[in-house]
There are 2 protein chains.
Amino acid sequence: MPAKHKPAPATAEHAPLQLEHFLPYRLSILSNTVSQAIADDYQSRFDLPVTEWRVMAVLGRYAGLSAREVAERTAMDKVAVSRALARLVEAGRVDRAVHDNDKRRSVLSLTDAGWAVHNEVAPMARAREREVLAKLDAEERAWLTRILDKLLANGG
Amino acid sequence: MPAKHKPAPATAEHAPLQLEHFLPYRLSILSNTVSQAIADDYQSRFDLPVTEWRVMAVLGRYAGLSAREVAERTAMDKVAVSRALARLVEAGRVDRAVHDNDKRRSVLSLTDAGWAVHNEVAPMARAREREVLAKLDAEERAWLTRILDKLLANGG
DNA sequence: GCGTTATAGTTTCATTTGAAACCATTTGCA
DNA sequence: TGCAAATGGTTTCAAATGAAACTATAACGC
């Protein structure tokens with residue numbers, strides 16, 4: 001019979017990955033689950049996709065940003081930001097002006113209607129975050145913060 | 001002048017989110033960064049999208065699964081699995097047979113060619129995981145495992 | 001000033017993705 | 001048995017996404 005490839009011994013470098021213990025996989029599951037739970041709260045209710053909410057969130061915090069700056073802050077790419085902004089402006093949730101000294105730049109901010117949405121969605125997002133953190137005790141929460149700070153330092 | 005909506009005091013429940021301190025956002029950035037780094041290693045080199053690698057990874061570990069079982073293990077939806085399998089079978093990396101007692105079911109496993117790819121990619125994935133974990137000390141790594149176990153318990 | 005290069009943002013086009021409809025087979029049960 | 005409901009898997013269609021090309025303005029070098 002022909003030679004069969006088989007999983008090598010479990011300790012070998014090329015042994016099959018145990019996804020259930022593989023950090024990148026576990027992070028991906030956790031991240032998707034949490035983000036989806038939040039999105040489910042507002043998505044259909046406000047006709048607001050995740051990308052648009054992210055843009056609104058940073059504009060809530062930093063009024064007057066340009067589209068490029070929004071892209072930086074949200075870690076979205078500029079095409080995605082451009083599309084989200086088009087819809088948000090159309091929906092009257094974001095105001096777009098032209099920069100005084102640079103006509104290429106937008107100067108973006110939430111409208112009153114945008115703030116109204118923001119002020120409903122933000123607490124929902126916070127509540128979900130609290131739900132997740134409630135699964136941990138105080139010591140674990142402190143370590144989690146510290147660990148994420150380290151892992152996210154200097155770009156991922 | 002018209003009443004202006006403004007960010008409420010920073011402690012208020014509806015205050016703007018600070019994305020940089022918001023857990024779901026931080027998890028998303030970290031997860032995407034890590035997954036992307038791994039994918040960059042093999043994606044173009046083996047013409048192997050992430051979805052297909054995930055399928056190969058579980059088949060490396062559990063030969064004989066059905067498509068539905070692969071979907072469960074990978075946390076992908078069945079359409080994505082179906083498409084990944086179509087390509088993997090076409091590429092000769094996965095073997096698909098029909099289950100003896102249930103003609104609806106596939107019985108899936110890696111081919112020799114599939115194992116060859118697997119045995120190159122798995123070490124690369126492991127190496128990237130090690131790189132990430134190297135940013136932490138032993139104590140932090142232990143806490144991270146414990147925290148993820150808790151957060152992922154009973155579905156996210 | 002004037003041509004070149006860089007930057008902000010949008011549009012186009014091709015690919016990816018997901019939901020729902022679909023087909024085949026099996027299971028549950030009258 | 002035989003028929004309705006459930007299950008495994010694929011296909012179809014519409015929406016989301018990303019890369020590259022494009023427009024407009026600004027900055028740079030001479």
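All heavy atoms count here, side chains included; hydrogens, waters and symmetry mates do not.
The backbone N or O of A:D40 lies less than 3.5 Å from no partner atom in the side chain of A:Q43, so there is not a single donor-acceptor pair. In this structure a side-chain-to-backbone donor-acceptor pair under 3.5 Å is missing from B:R105 to B:H99.
One side chain, A:S28 or B:R54, offers a donor N or O that lies under 3.5 Å from an acceptor on the other. No hydrogens or angles considered: nothing links the side chains of B:Q36 and B:T33 as a donor-acceptor pair under 3.5 Å.
Two residues, A:R96 and B:N101, neighbour DNA chain C, and the one matched to the more 5' nucleotide by heavy-atom proximity is A:R96. A residue-by-residue look at A:D100 and B:V81 shows that B:V81 has its nearest nucleotide of DNA chain D further toward the 5' end.
Scanning all heavy atoms of the two residues, the minimum distance from B:P16 to A:W115 falls at CG-CH2, 4.2 Å.
Counting non-hydrogen atoms under 4.0 angstrom, B:K103 reaches the backbone sugars and phosphates but no base.
Taking the six-membered ring for Trp and thresholds of 30 and 60 degrees, B:W53 and B:H118 have ring planes inclined between 30 and 60 degrees apart.
Where DNA chain C meets chain B (any atom under 4.0 Å from a heavy atom), the bounding nucleotides read 5' to 3' are C:dT17 to C:dT26.
Going from atom CZ of B:R104 over to atom P of D:dA5 covers 17 Å, rounded to whole Å. One interatomic measurement links the two molecules: CG of B:L85 to C1' of D:dT11, which rounds to 15 Å at whole-angstrom precision.
Between B:S82 and D:dT11, a side-chain N or O to OP1/OP2 separation shorter than 4.0 Å is absent.
In terms of the side-chain hydrogen bond (donor to acceptor under 3.5 Å, both in side chains) criterion, B:R96 has no residue partners (sequence neighbours excluded).
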### Task
Produce a footprint string for nucleotides 14-19 of chain D: one letter per nucleotide, 5' end first; B if the base is under 4.0 Å from any protein heavy atom, S if only the sugar-phosphate is, - if neither.
---BBB

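Under a 4.0 Å N-O distance rule, the pair B:R93/B:D112 does not qualify as a salt bridge.
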